[in-house]
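What you are looking at is a predicted structure, and each value in this text was computed from that prediction instead of being measured. So that the names make sense, note that chain A is the first sequence line, chain B the second, and so on, each numbered from 1. For the numbers below, each heavy atom of this structure counts, side chains included, while hydrogens, waters and symmetry mates do not.
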There are 2 protein chains.
Amino acid sequence: MADKQPTIKEIARRLNISVSTVSRALHDHSSIGLRTKMRVKELAQELNYEPNQTAIFFQQRKTFTIGVILPELAESFFSSAISGIEDVAYKNSYTVLLGQSHDDFEREKQLTESMKKHRIDGLLVSVSKNTHTYDHFKLLENAGIPVVFFDRIPTIPAIHYIACNMISGTVQAVSYLLKKGHRVIGMINGPENLFATGERTDGYIQAMQKNRLKYDPSLIVHSDLSTESNFEAMQQLINHKRKVTAVVAFNDYVAMDAMHYAALKKVEVNKDIWFVSYANLPMVHYLKYQPAASVEQFPNLQGKKATEMLLELLTKKEEEGDTSHYKIIVDSKLVVYNE
Amino acid sequence: MADKQPTIKEIARRLNISVSTVSRALHDHSSIGLRTKMRVKELAQELNYEPNQTAIFFQQRKTFTIGVILPELAESFFSSAISGIEDVAYKNSYTVLLGQSHDDFEREKQLTESMKKHRIDGLLVSVSKNTHTYDHFKLLENAGIPVVFFDRIPTIPAIHYIACNMISGTVQAVSYLLKKGHRVIGMINGPENLFATGERTDGYIQAMQKNRLKYDPSLIVHSDLSTESNFEAMQQLINHKRKVTAVVAFNDYVAMDAMHYAALKKVEVNKDIWFVSYANLPMVHYLKYQPAASVEQFPNLQGKKATEMLLELLTKKEEEGDTSHYKIIVDSKLVVYNE
DNA sequence: CATGCACCAGCAAACGTTTGCGTTATTTAT
DNA sequence: ATAAATAACGCAAACGTTTGCTGGTGCATG
């Protein structure tokens, strides 16, 4: 076992021809005679020759590998995304190098370093919650490695990104509730430093304006997304001086906690109070308390688009010069459950 | 921007010394004087030198990369597993190359090929449902690339693997139900060709024997895991000539379907009929109908252990000779929900 | 004063491929 | 027939590192 892998050299030696000829023969280069091509290919087959990719990577200064850094693989949003990423990469015979930051800024930095060393051709990243500086990404770009951000994108200019516009979905969500007759709509929003939090707020306000209703800031409460914090937020809404009959929750987990808390306080879900949330979960239908609708963020699609964007950048790069930045926004969309 | 990456050569040129000296200086080799070391390191720092890993990989015939092939990243079981894998790999400064087979045998083969070309140091794999031959893995091993199987393991000898023993958990599950007074316990099992299906059956039988009860094969029905099939299976159990008061479901999804179907048929869950399932899901607590208990399979742990095993094999390899095969079985464990 | 021994540093090969250019036959056009 | 074009292949450099071996100092030892 463990035979030495045959090399191009070996083939050349056996056939008494030069390595360059073998190489060209294997690549169907036009300057090699049909006879020799055949002989080379046959022997290659016979010896089970496989080109040494590491040698090729080295020689070509290209690895056909894209790095992916995201916060947490176990989160269903990201695992859907990576699934889409891998699919597109695979179809284009690229390979995926993986790293999770666990929302740790330092680890994110280390990962970018490590990936740079691995000479990835490009990077896909969804930044950690604690990322506050972006030099580590700039470093990659300066080294000619394009970076595409997805979903969690930094608030800096001159980057490529694809993100989901939470505003549209939020507008739809709030409008849906308004149409159902709700007038006092609460929102359990996320941590204030998150981009996605701001978008939800904007969407809420826009929807109110569109319907010529007054916006009451006290109806938007914030949670750090822990269960306790979610409970607390829900408590605030229940105790609000106005009677809140509907709640837009930051995501499904928050919604589940909120609904749970409401039930505890004898506020009946889908009777006294209604919920709309953002879809991270595939199995809302099996839940004890179901939100009436949920905003879909298309993680798989985002992953795919991001990868396509990156691959595009990789081919464009050869042609140089272009300094424009790609931005794609996919609209989120409200999915109303047929109760 | 896009400065040419400085090389060891460049440093040598600037310092008027040889490349070998620079290389050794950077590695703190004992045969280099302190003075030169300092000079080299300073300049390296200044130029922002980074060793070209692809060159090193090539030169050392080692990539510090492990491949991971699994069926479906979006499945929570596997995303937990990969999360554990990445963690251990990262801690040991290994890198993870990713591929999903989508339970497609051909794609699995292609992935192993691709990974072999990438010269991964080792492979972690959970085989696809349709994998019926294993030559593609043997090929890797013959090339000196160790393969460790996890969770979904082939039924062939002489392999390294880590798997979860479903028997123990199943015995616990059935025993639990027996202790609760149930005497007619149904089981919705999976496709018959799956290893995990057999183990569940075995566990069921063992538990019955242990309690000196007669085993009734007609109480075990099979599903292909689709919702329709799950419904059908549940129907069979409900219509069974004996009155089934408890059901062990293949996994949480199956359980959810089964419970849903039971409810539709006016068989009240956790009153007329009780469920135990296998935990793929983190949020059973939020479900409308909850199983009374669930068998934990520790995907994250399996991933970790598998990676540790692989890394161990990688270091052992240097010492050669050892042809033994590692096997680790982690026991599954029943988690009873405090209703 | 010669010998030996640390100590430092350089030379060159090697890893496996690709590719620009040069060389030799062979064919084609004039 | 002769120059010119073409076909088929080889030479050697290059990609960036590591590493075995060799060589040259300076210094203490015999």
Nearest-Å distance, CD1 (A:I11) to P (D:dG10)?
-> 14 Å

Once each nucleotide of nucleotides 17-26 of chain D is scored for protein heavy atoms under 4.0 Å, what B/S/- sequence comes out, 5' to 3'?
-> BBBB------

To the nearest Å, how far apart are A:I32 CD1 and C:dG20 P?
-> 14 Å

Map B:N16 and B:R61 onto DNA chain C by nearest heavy atom, then report which one ends up closer to the 5' terminus.
-> B:N16

Crowded around A:K116 NZ? As in, over 12 foreign heavy atoms under 6.0 Å?
-> yes

Sole candidate of B:E113, B:Q110, B:E108 that passes side-chain hydrogen bond (donor to acceptor under 3.5 Å, both in side chains) when paired with B:H136 = B:E108

Interatomic distance, B:M38 CE vs C:dC8 P [rounded to whole Å] | 15 Å

For A:K41, what residues pass the side chain to side chain donor-acceptor pair (under 3.5 Å) criterion, not counting sequence neighbours?
-> A:D28

A:Q53 has an atom CD; how far is it from atom C1' of D:dC15, in whole Å?
-> 16 Å

Spacing between A:R35 atom CZ and D:dC9 atom P, to the nearest angstrom | 10 Å

Verify the contact: side-chain N or O of A:T54 to OP1 or OP2 of C:dG16, cut-off strictly under 4.0 Å; return yes or no.
-> no

Atom CZ of A:F57 and atom P of D:dG16 are separated, to the nearest Å, by 17 Å

May I have the distance from A:L26 (atom CG) to C:dG16 (atom C1'), rounded to whole angstrom?
-> 13 Å

Interatomic distance, B:H29 NE2 vs C:dG10 P [rounded to whole Å] | 14 Å

Measure from NZ or CZ of B:R119 to the centre of the six-membered ring of B:F57 and say whether it is under 6.0 Å with the direction within 45° of the ring axis.
-> no

Lys/Arg N to Asp/Glu carboxylate O, B:E308 vs B:K304, below 4.0 Å = no

Please collect all ring-ring contact (aromatic ring centres under 6.0 Å, His included) contacts where either partner lies in residues 137-159 of chain B, sequence neighbours excluded, each pair once.
-> B:F137-B:F149

